[in-house]
There are 2 protein chains.
Amino acid sequence: MSTSSRFAVAVHILTLLEMSEGEPVTSEYVAGSVNTHPAVVRRLLGMLAKAGITTSQLGAGGGALLAKAAADVTLLDVFRAVEEGDVFAMHHGRPSPACPVGRQIQGVLEVTTDAAQRALEEQLAARTVADILADVRVRESAECSSAA
Amino acid sequence: MSTSSRFAVAVHILTLLEMSEGEPVTSEYVAGSVNTHPAVVRRLLGMLAKAGITTSQLGAGGGALLAKAAADVTLLDVFRAVEEGDVFAMHHGRPSPACPVGRQIQGVLEVTTDAAQRALEEQLAARTVADILADVRVRESAECSSAA
DNA sequence: TCAAATGTAACTACCGTAGTAACACACTAG
DNA sequence: CTAGTGTGTTACTACGGTAGTTACATTTGA
């Protein structure tokens with residue numbers, strides 16, 4: 001299977017926050033861009049805040065803000081904030097301890113799945129929220145000029 | 001989230017088949033080692049057969065067999081045979097086309113998620129079912145000698 | 001004080017996975 | 001040729017996670 005959509009939506013949210021340049025952004029505004037319910041956005045923002053990536057300003061005129069520079073927030077930080085557990089799942093029930101393969105398969109397999117997950121995480125660590133916003137802007141101007 | 005347990009179980013199954021050295025293995029025997037229901041094993045074997053990794057011998061004395069050398073079956077082959085779709089999911093609903101971020105975020109994000117998935121797949125491609133069985137045997141003898 | 005906005009808890013609907021039973025079909029041994 | 005073994009496949013159930021939705025207490029600015 002695949003991850004939840006939380007990672008993609010979280011990156012989307014953070015890109016919007018970076019674009020607002022310090023102005024608090026409401027969950028309702030974000031929900032409009034993401035095309036979901038404001039409470040879903042607030043749930044994600046709760047996870048991101050717990051990870052120290054965002055903060056919120058309560059009350060009227062409030063909203064969400066980045067807690068640190070977008071260039072210091074890697075996609076791996078985001079991934080870990082909103083997705084829990086390992087990418088690869090092992091057996092549901094424990095394999096038979098009476099069989100050599102049953103005894104060893106999970107330990108052996110873990111070597112490879114751990115390496116695979118680490119390789120994936122290295123790619124995510126190589127890009128930041130600032131990079132994402134920059135790419136969005138490049139694509140926007142490219143489409144504008146080609147459409148004109 | 002994480003993948004299903006199908007990948008781990010499929011590797012387990014193939015390791016057992018390789019260990020049997022050409023003797024057909026019944027789904028009931030495999031289910032005993034994996035600790036699941038024979039029909040679950042047959043379902044997995046169906047997917048592996050469709051991918052050309054295993055074959056089955058029907059009737060009495062029948063069972064499952066590897067369709068090619070274990071050294072030619074990479075864990076990536078197995079992964080693709082039993083897990084479908086991409087590792088990373090995008091938004092459920094389509095982001096707002098009225099917002100620059102909404103318009104571009106998925107295309108931009110895909111660059112990174114594709115790279116991450118490719119990195120993961122490279123790791124899986126680097127190991128074969130033959131490697132897994134060899135590792136199982138190494139661990140078995142290590143435990144025997146240390147226990148003695 | 002009023003209105004705006006968050007944080008959070010419930011509840012629902014939905015989907016994928018795995019466990020289970022059932023049965024037609026294929027094959028092999030005898 | 002027949003009895004028995006094992007596959008392939010379908011249908012059904014139970015379970016868990018995700019996300020959409022509503023609701024409400026709480027905080028804060030004007």
Side-chain angles (χ1 to χ4, degrees), chain A residues 1-10 12-13 16-17 20 23-32 34-51 54-65 67 82-95, chain B residues 1-10 12-13 16-17 20 23-32 34-51 54-65 67 82-95:
Chain A
M1 258 277 297
S2 64
T3 67
S4 67
S5 69
R6 290 201 297 267
F7 173 66
V9 174
H12 187 151
I13 292 173
L16 289 172
L17 298 194
S20 85
E23 280 301 298
V25 183
T26 70
S27 62
E28 181 143 359
Y29 175 83
V30 172
V34 171
N35 188 19
T36 184
H37 199 282
V40 173
V41 174
R42 291 202 290 269
R43 195 148 53 191
L44 267 304
L45 281 169
M47 299 187 203
L48 294 169
K50 199 169 290 180
T54 63
T55 52
S56 283
Q57 203 167 307
L58 294 185
L65 295 162
V82 300
E83 298 279 349
E84 54 191 16
D86 295 331
V87 172
F88 292 93
M90 286 292 157
H91 309 52
H92 276 191
R94 291 205 180 145
Chain B
M1 257 276 299
S2 65
T3 66
S4 68
S5 68
R6 291 202 295 268
F7 172 66
V9 174
H12 187 151
I13 293 172
L16 289 172
L17 297 194
S20 84
E23 281 300 299
V25 182
T26 69
S27 61
E28 180 143 358
Y29 175 83
V30 172
V34 171
N35 187 22
T36 185
H37 199 281
V40 172
V41 174
R42 291 202 291 268
R43 195 150 50 190
L44 267 305
L45 281 169
M47 299 187 203
L48 293 169
K50 198 168 294 179
T54 63
T55 52
S56 283
Q57 203 166 306
L58 294 185
L65 294 163
V82 301
E83 299 279 349
E84 54 191 17
D86 295 331
V87 173
F88 292 93
M90 285 293 156
H91 308 52
H92 276 192
R94 290 206 181 146

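All chains are named by letter (A, B, ...) in the order of the sequence lines, taking the proteins before the strands, and each is independently numbered beginning at 1. These numbers come from the heavy atoms of this one structure, side chains and all, not from hydrogens, waters or symmetry mates.
The CD atom of B:Glu23 sits 14 Å away from the P atom of C:dT28 (whole-angstrom rounding). Atom CD in B:Glu83 sits about 13 Å away from atom P in C:dG16, given to the nearest Å. Spacing between atom NE2 of A:His91 and atom P of C:dT17 amounts to 17 Å, rounded to whole angstrom units. Rounded to an integer number of Å, the gap from CZ of A:Phe7 to P of D:dT18 is 15 Å. The interatomic distance linking A:Leu17 (CG) with C:dA5 (P) rounds to 15 Å, in whole Å. One atom, OH of A:Tyr29, and another, P of C:dT6, lie 14 Å apart when rounded to the nearest Å. At whole-Å resolution of the value, CG in B:Leu45 and C1' in D:dG6 are 12 Å apart. In this entry the distance linking CZ of A:Arg42 with P of C:dA4 reads 14 Å, nearest Å.
Proximity of a side-chain donor or acceptor of A:Thr3 to a complementary backbone N or O of B:Ala89 within less than 3.5 Å is detected. No donor-acceptor pair under 3.5 Å is formed between the side chain of A:His91 and the backbone N or O of A:Gly93. No donor-acceptor pair under 3.5 Å is formed between the side chain of A:Ser56 and the backbone N or O of A:Leu58. B:Asn35 places a side-chain N or O within 3.5 Å of a backbone atom of A:Arg94 that can act as its donor or acceptor partner.
Across all strands, B:His37 comes closer than 4.0 Å to base atoms (heavy-atom distances). As judged by a 4.0 angstrom heavy-atom cut-off over every strand, A:Gly62 is placed among residues touching the sugar-phosphate backbone only.
Looking at which nucleotide of DNA chain D each of B:Gly93 and B:Thr26 is closest to, the 5′-most match is held by B:Thr26. Between A:Gln57 and A:Pro38, the residue whose closest nucleotide on DNA chain D is further toward the 5' end is A:Pro38.
Taking CE of A:Met47 as the reference point, atom CZ of A:Arg6 lies at 4.5 Å (rounded to 0.5 Å).
The side chain of A:His92 lies closest to C:dG19, out of D:dT28, D:dT21, C:dG19. Closest to the A:Val40 side chain, of the nucleotides C:dA4, C:dA22, D:dG20, is D:dG20. When distances are taken from the side chain of B:Ala39 to each of C:dG19, C:dA21, D:dG29, the shortest belongs to C:dA21. Of the candidates C:dG7, D:dG20, C:dT20, the closest approach to any side-chain atom of A:Leu58 belongs to C:dG7. Distance from the side chain of A:Arg43 is smallest for D:dA19 among the nucleotides D:dT7, C:dA4, D:dA19.
Using a 4.5 Å cut-off on side-chain heavy atoms (C-beta onward), B:Leu16 and B:His12 make contact. For the pair B:Leu48/B:Val82, a side-chain contact is recorded, criterion being any heavy-atom separation below 4.5 Å from C-beta on.
Between its opening and closing five pairs, the helix from C:dT1-D:dA30 to C:dG30-D:dC1 changes axis direction by 20°, a value rounded to 10 degrees.
Residue B:Ser5 places at least one side-chain N or O closer than 4.0 Å to OP1 or OP2 of C:dA18. Contact check, A:Ser27 against C:dT6: a side-chain N or O comes under 4.0 Å of OP1 or OP2. Within the 4.0 Å cut-off from OP1 or OP2 of D:dG6, not a single side-chain nitrogen or oxygen of B:Ser56 is found.
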Test side chain to side chain contact (heavy atoms under 4.5 Å, CB included) on A:Ser4 and A:Glu83; report intermediate values, then the result.
CA-CA 8 Å; A:Ser4 67; A:Glu83 298 279 349; 2.7 Å; yes
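The base of D:dG17 does not come close enough to the side chain of A:Arg6 for any donor and acceptor atom to sit less than 3.5 Å apart.
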